[in-house]
Protein chains: 2
Amino acid sequence: MSAFLEGLGAALGRQGLLTDDADVAPYLTDFRGRMTGRAQAVALPASAEEASAIMRLASEHEVPVFPLGGNTGLCFGAVPTAGGNGATGIVVGMRRMNRIRNLDQAGNVISVDAGVTLSAVHEAAADADRQFPLHLGSEGTAQIGGLISTNAGGTGVVRYGAMRSLVAGLEAVLADGRILREMEALKKNNTGYELRQLFIGAEGTLGLITGAALRLHPPIGARAHAWVSVSDPQAAVELLSRLQHRCGDAIEAFEMLNGAEVDCIRGHIPRVRSVFAETPAWSVMIELGDVDPNASLQAALEEVLAEAMEAGLVVDAVIAQSDGQAADIWRFRHAITEAHKIEGVGIVHDTAVRNSAVPAFIEAASEVTAQRFPDARVLVVSHLGDGNVHFTVMFSHAYWAALPDPEAKALEVEMAIHDVAARHGGTISAEHGIGRKLVTELERLGDPVRLAIMRDIKRTLDPKNLMNPGALLA
Amino acid sequence: MSAFLEGLGAALGRQGLLTDDADVAPYLTDFRGRMTGRAQAVALPASAEEASAIMRLASEHEVPVFPLGGNTGLCFGAVPTAGGNGATGIVVGMRRMNRIRNLDQAGNVISVDAGVTLSAVHEAAADADRQFPLHLGSEGTAQIGGLISTNAGGTGVVRYGAMRSLVAGLEAVLADGRILREMEALKKNNTGYELRQLFIGAEGTLGLITGAALRLHPPIGARAHAWVSVSDPQAAVELLSRLQHRCGDAIEAFEMLNGAEVDCIRGHIPRVRSVFAETPAWSVMIELGDVDPNASLQAALEEVLAEAMEAGLVVDAVIAQSDGQAADIWRFRHAITEAHKIEGVGIVHDTAVRNSAVPAFIEAASEVTAQRFPDARVLVVSHLGDGNVHFTVMFSHAYWAALPDPEAKALEVEMAIHDVAARHGGTISAEHGIGRKLVTELERLGDPVRLAIMRDIKRTLDPKNLMNPGALLA
């Protein structure tokens, strides 16, 4: 055993270090099984101090370190590829750091270890008559540290912002083992650079997040839901604007789907119900919420929709009259992933533009698809309030199976759609991150000044390039 | 004329460069006249490109650069002291960059030059049926670039956050003249480090902000106000918690004053009216707001206050029944500065702790004051929702005039109160910044790891230490 592994063993104990191939193997592959890396060991720290010991040893021996949360990422950000120096590294799994440290009810802050799952935070918040408003499909598995490292989004961003807005304090171990502790969770603190924000969304390339203080919100007491038919995305943008003026912060979700997306779900998932007899050209699914249980959200929603209909913005609308009808709307919305798998091979994009630019972006991306990929269909679902468009170029299974080089085709599609996003002032990754999937695309389309500064900061905080090398930056 | 100034003259033209002593003098002193610096010239760029030319020349000739917005800062952050290399620098005034570049109504974003005043942004937003929710006393003079560099706060932070939460995009010139343009103002963008947040609150030490994209909000359609008497800060914290649960995001202000503060205003400013016959031990001034003009805010406020009274949290309460009564409450609140000046010499602190820790902090700071400064009175006004406590140690004019070394006394008081803040996990600067006033205090009380990282980042982005040297970092 190397001096490095011996040092780790001494620091972490038997429970904290896995070195047998069979024990290490489950930590090397992303959850969809698409990419596998290698590692000489898996370290499982039980405290920030143990994590610090790991980083001191790794730095001394120049061993790359690959942080791993719940392994639910979509961009291979946690797959342990070789380090910049070619060395095989170690995975640092955070699952033993799973304590809820403290819940400050009056301060509306929960302090947790990085390895706590999102669901555990939801439960602790609910027990204290609070809510933590980040929600996504993998919340039972995804860990807070990973969600912070990827600045996770989800459906509540329109109201509460992404993880970046919900992190009030952070504890992180730097590449050289120093511990940065900023867990005070102050709402106001003007004493210099906001270091916390550097680590959020850094995908583990600047340090290892070991703890966080998260902002809690009061629970929602009343909700209203609608499924609205509109003729085009511009009408949806204008409807959103009217709704913001009438209901302000009450907008909890504003999701837009094109007809092909709705048809895809209708065709493949018969158990979910659509409220319209005919598929609308464009559908908008709206959720309003208010902490006040007596808030008259449904009346406000009816009023806005009636006025919008009069103004020609809305073709038709159904307001949910029961919890069951509301659940139907979201069940339909959440069937997308399952429906796509049946439909064919979809190249999904995680683009975002300013929300006023969504109509132009969708039109341009659809044109490019029609011209360059005439065999594909365009499926669109958009978190319109955030300008986030999941634009899917969908091919049939048969077409895809006949391709000589499917990976090249996928890249061709991605580059074409990313080019459209860039032309509209948009981003190639709204919420999924860069990981190892989009590194070359970021290099191709990112602003050179911005990328140069990112590299400078990376070099400053991690001069040996040991923190998750291969992710984010080329 | 030096080659440097000749270069500047060529780049900026006659209107863009002041070199006569009489022209330069007004740019050297803070607005209260307490600190004066020196400079060889004042450069007034009219564009980001001109600002870039200034920085290229300054970098080449190693001349320190001191950015200046509206000169409304309270911590001498914009006073041009000598550079780290002892050289006399130049002031870069932003007042010629005063264009509103664009207002995107559907996107709720206004893009402006850094030299635009806060009032001009308010007006442009109102013209487009929007609001920009940052408000402070100097808004007619304060410029957006300075407000971003100091992460300005004000009264609306409890609902909308400080400047940091309102900046959607940024344009900044780096120390070497490169321009970082991040004006897309995307709500979601997960493509690496959040560089924008580094420049916000950096007090001009990392680069020169030349433009910004700011988030607009829908205008407020209904408001309700109350002045509440409570027996102690803990009751105020619990009242805030109840209000958050009932009214959520509707809380626009939640200001707490101690009896001495109210008495000070009552005694010195007879034109403002207090609603209570006897001064409450502690007063809370509440403002609720909702975009919906039909929102029943007053009913909600009455309900919460009635329940809180029943629970023994509230001693008495008056809900404003007209706009005039509401204006009276805020007129009273805003008379504080004027009343303090008449009362004596107040050493004001800009501390913040977690809002649940405010009662313990105020108690401890009051004890320290009673023991160490028995001649002083304690006046407290707190933005309680943010945990921000402006704790004033007030001496009589006569006492202060008799002191052999008043500056030493002021420092003694500051250090004593800052120590209490640090013991309660708090900050020595919640919203005013560090500037040149608190550099040694930050050095004394700041976390060494955090300060070391800040220095490393400063060195990376400004290796010659030319950007506002002497501010923020020792």
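Residue numbers start from 1 in every chain, and the chains themselves are labelled A, B, ... in the order their sequence lines are given, proteins ahead of strands.
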ring-ring contact (aromatic ring centres under 6.0 Å, His included) contacts in which one or both residues fall within residues 151-197 of chain B, not counting sequence neighbours: B/Tyr160-B/His217

By side-chain hydrogen bond (donor to acceptor under 3.5 Å, both in side chains) - contacts of B/Asp386 (at least two apart): A/Lys188

Proximal component of A/Asn388, with respect to chain B [non-hydrogen, under 4.5 Å]: side chain

Reported CZ-to-CD distance for the pair A/Arg196 and B/Glu194, which is rounded to 0.5 angstrom: 12.5 Å

Region of A/Glu238 in contact with chain B, defined by heavy-atom distances below 4.5 Å: neither

Heavy-atom check, side chain of B/Arg450 versus side chain of A/Thr191, under 4.5 Å: yes

Non-hydrogen atoms of B/Ala452 and A/Arg178 that approach each other most closely: CB-NH1, 3.6 Å

CG on A/Leu206 to CD1 on B/Ile453, rounded to 0.5 Å: 9.5 Å

Winner by heavy-atom pair count (cut-off under 4.5 Å) against chain A, out of B/Gly248, B/Ala106, B/Ala430, B/Pro218: B/Ala430

Per-residue contact mode, A/His383 against chain B (heavy atom under 4.5 angstrom): side chain

Where A/Ser356 and B/Gly107 come nearest, the two heavy atoms and their spacing: CB-N, 3.7 Å

Choice from B/Asp249, B/Asp456, B/Thr205 maximising heavy atom contacts with chain A below 4.5 Å: B/Asp249

Segment of A/Ala162 engaging chain B (4.5 angstrom heavy-atom cut-off): neither

When B/His245, B/Gln244, B/Glu184, B/Lys187 are compared by non-hydrogen pairs under 4.5 Å with chain A, the top option: B/His245

Interface residue of largest heavy-atom contact number with chain B, from A/Gly161, A/Ser241, A/Gly192, A/Cys247, under 4.5 Å: A/Gly192

Contact origin within A/Arg159 toward chain B - heavy atom pairs under 4.5 Å: side chain

Heavy-atom pairs under 4.5 Å with chain A, option from B/Glu431, B/Met183, B/Gln197 with the top count: B/Glu431

Toward chain A: residues of residues 168-177 of chain B with heavy atoms under 4.5 Å: B/Leu174

Residue A/Asp350 versus chain B: region with a heavy atom under 4.5 Å: neither

Partner set under side chain to side chain contact (heavy atoms under 4.5 Å, CB included) for B/Ala299, not counting sequence neighbours: B/Ser296

Pairs of heavy atoms under 4.5 Å with chain B: top-ranked of A/Gly387, A/Ala300, A/Ala185, A/Gly221: A/Ala185

Contacting region of A/Leu472 [heavy-atom separation from chain B under 4.5 Å]: side chain

Part of A/Leu461 lying under 4.5 Å from any heavy atom of chain B: side chain

Side-chain heavy atoms of B/Asp292 within contact of A/Arg246, under 4.5 Å: yes

Under 4.5 Å from any heavy atom of chain A - which part of B/Leu442: side chain

Pairs of heavy atoms under 4.5 Å with chain A: top-ranked of B/Leu473, B/Leu195, B/Val237: B/Leu195

Min side-chain heavy-atom separation B/Val449-A/Ile179 under 4.5 Å: no

Part of A/Ile434 lying under 4.5 Å from any heavy atom of chain B: both

A/Arg164 versus chain B, the contacting section by heavy-atom distance below 4.5 Å: side chain

Exercise: identify the closest heavy-atom pair between B/Leu186 and A/Arg354: CD2-N, 3.5 Å

Region of A/Thr150 in contact with chain B, defined by heavy-atom distances below 4.5 Å: backbone

Backbone N/O of A/Asn151 and side chain of B/Asn190: donor-acceptor pair under 3.5 Å: yes

Any B/Ile457 side-chain heavy atom under 4.5 Å of A/Leu198 side chain: yes

Which atoms of B/Thr351 approach chain A - backbone, side chain, both or neither, heavy atom under 4.5 Å: neither

Most contacts with chain A, counted as non-hydrogen pairs under 4.5 angstrom, among B/Arg181, B/His424, B/Glu182, B/Arg459: B/Glu182

Any B/Lys458 side-chain heavy atom under 4.5 Å of A/Thr460 side chain: no

